[in-house]
**Student:** 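Okay, here's the structure, questions in a sec.
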Amino acid sequence: MKRIKLAALGLMLTSFAACGWTPAPEYAAKGPVEVAFMARGPWQVSRSNSGEACTSKGHSCDIWAPTGPATDNAPGLRGGRHPVVAWANGSGQKPEVYAQFLDHLASWGFVVIAPRDEMTGNGQTVADAARYIILQGETRSSPFYGRIDRERMAAVGHSQGGASVAALHARNAPLFRTYMTYHISPDFFARWCCAVDQASYADLSPRGSIFHWASQVDSGNPDWYEVVGGHAPKAFALLRHAGHEAIGPRPRPYLGYSTAWLMWQLNGDRRAAAAFAPQGEFFNDNISWADSRAARTGL
């Protein structure tokens, strides 16, 4: 049976090759900073559910949190408090789809809160989740009491969730210091689902920084990046081979620089910041990358 399966696999790969298709090469990292943050962080991680509504639409939230003994020098920790990532799902998706990625962020010291909302729209439930975890940090009976840093928060999302994050960014949502999107919805869909489009950025100077991710096999262009004006840092990553849904089952290409961006923007990590500075390793040519851009990222 094993020989039959291997023969069938060989035949399938031969057929793909005959049609001009070849499997995507293994992802190659750009440099030592990316490699460092691709590795799992030093924190152990617990996963839980809020067990109650954490949004105005009645959703509960899944929470990935750093656990275990640590000193104040541990990644993410400042005065005993952790920075927060509020996550926005893609259309029809639940947080468990992104569990590998969200668990990785928590291992670097971020409390990650993800509402179980499959249509994140204008980002209201993402902001609700952020406010919920802030309240938990102020509630003595909560396991998060005294552990949440409300001054260090990010909004991050995929697909429709990315458009929700852009809507929050364009509104200058006061909760968040930085924003990150993956395979953001095209302009027409973002306008329909999330009350935001690229024209929303006209004459706008966003207070928060933003990092947009895309791929050649998906949208393949920096349109959402280009329209962001103002003085806050911005970055754009274009992967060669990652599909629209890859951040769920195959998050490896996203881990390093996503973590580095958050470590810089929320923790002031100098090593992470250096990767995005002019001539930093983020701009290195690489077989797995088609483009990388950044502005206003000088140290």
**Student:** Out of Met180, His104, Met38, Met263, which one pairs with Ser258 under the side-chain contact (heavy atoms from CB on, under 4.5 Å) rule?
**Tutor:** Met180

**Student:** Nearest 0.5 Å, please: how far is CZ in Arg240 from CG in Asp291?
**Tutor:** 9.5 Å

**Student:** Which atom names give the shortest non-hydrogen contact between Asn89 and Pro115, and what distance separates them?
**Tutor:** ND2-O, 3.0 Å

**Student:** Looking only at heavy atoms, which two atoms of Ala36 and Arg271 are closest? And how far apart?
**Tutor:** CB-NH1, 3.5 Å

**Student:** Taking side chain to side chain donor-acceptor pair (under 3.5 Å) as the criterion, tell me which of Asp62, Thr125, Asn49 meets it with Arg116.
**Tutor:** Asp62

**Student:** Under 3.5 Å, is there a donor-acceptor pair between the side chain of Thr139 and the main chain of Ser141?
**Tutor:** no

**Student:** Any idea which heavy atoms bring Val33 and Glu281 closest together, and the distance?
**Tutor:** N-OE1, 3.0 Å

**Student:** Measure the acute angle between the ring planes of Trp213 and Tyr254, then classify it against the limits of 30° and 60° as parallel, tilted or perpendicular.
**Tutor:** tilted

**Student:** Taking the side chain from Lys234 and the backbone from Val228, do they hold a donor-acceptor pair closer than 3.5 Å?
**Tutor:** yes

**Student:** Could you tell me whether Asp149 and Arg81 have a side-chain N and a carboxylate O separated by less than 4.0 Å?
**Tutor:** no

**Student:** Angle between ring planes, Tyr182 versus Phe101, binned at 30° and 60°: parallel, tilted or perpendicular?
**Tutor:** perpendicular

**Student:** Taking the six-membered ring for Trp and the single ring otherwise, decide whether the centroids of His82 and Phe144 are under 6.0 Å apart.
**Tutor:** no

**Student:** With Ile113, which of Tyr132, Trp87, Trp64 fulfils side-chain contact (heavy atoms from CB on, under 4.5 Å)?
**Tutor:** Tyr132

**Student:** Indicate yes or no for a side-chain donor-acceptor contact from Ser164 to the backbone of Gly121 under 3.5 Å, with no hydrogens or angles considered.
**Tutor:** yes

**Student:** Evaluate whether atom CD of Gln279 has more than 12 neighbouring non-hydrogen atoms of other residues, nucleotides or ligands under 6.0 angstrom away.
**Tutor:** no

**Student:** Report whether Trp108 and Tyr98 are members of the same hydrophobic cluster (ILVMFWY, side-chain heavy atoms less than 4.5 Å apart, transitive linking).
**Tutor:** yes

**Student:** Which heavy atom in Lys30 sits nearest to a heavy atom in Glu34, and how many Å separate them?
**Tutor:** N-OE1, 2.6 Å

**Student:** For the side chain of Arg147 and the backbone of Pro66, is there at least one donor-acceptor N/O pair under 3.5 Å apart?
**Tutor:** yes

**Student:** Can you label the angle between the Tyr201 ring and the Trp224 ring as parallel, tilted or perpendicular, going by 30° and 60°?
**Tutor:** perpendicular

**Student:** Is there a donor-acceptor pair under 3.5 Å between the side chain of Asn286 and the backbone N or O of Ala28?
**Tutor:** yes

**Student:** Do the two ring centres, one from Trp261 and one from Phe282, sit under 6.0 Å apart?
**Tutor:** no

**Student:** With side chain to side chain donor-acceptor pair (under 3.5 Å) as the test, would you mind laying out the steps for Arg78 and Asn267 before giving the verdict?
**Tutor:** CA-CA 8 Å; Arg78 185 179 298 170; Asn267 292 341; 4.7 Å; no

**Student:** Just do the side chain to side chain donor-acceptor pair (under 3.5 Å) check on His183 and Ser159 with the steps written out, would you?
**Tutor:** CA-CA 5 Å; His183 303 274; Ser159 192; over 6 Å; no

**Student:** Nearest heavy-atom pair of Gln198 and Val227: which atoms, and what distance?
**Tutor:** CB-CG1, 3.9 Å

**Student:** Is there a side-chain contact between Arg177 and Glu151 in this structure, where contact means two heavy atoms from C-beta onward sitting under 4.5 Å apart?
**Tutor:** yes

**Student:** Can you see which heavy atom on Ile133 is nearest to which on Val111, and at what distance?
**Tutor:** CG1-CG1, 4.2 Å

**Student:** Could you label the plane-to-plane angle of the Tyr257 and Phe276 rings as parallel, tilted or perpendicular, counting under 30° as parallel and over 60° as perpendicular?
**Tutor:** perpendicular

**Student:** Taking atom CZ of Arg150 as the centre, does the number of heavy atoms from other residues, nucleotides or ligands within less than 6.0 Å exceed 12?
**Tutor:** no

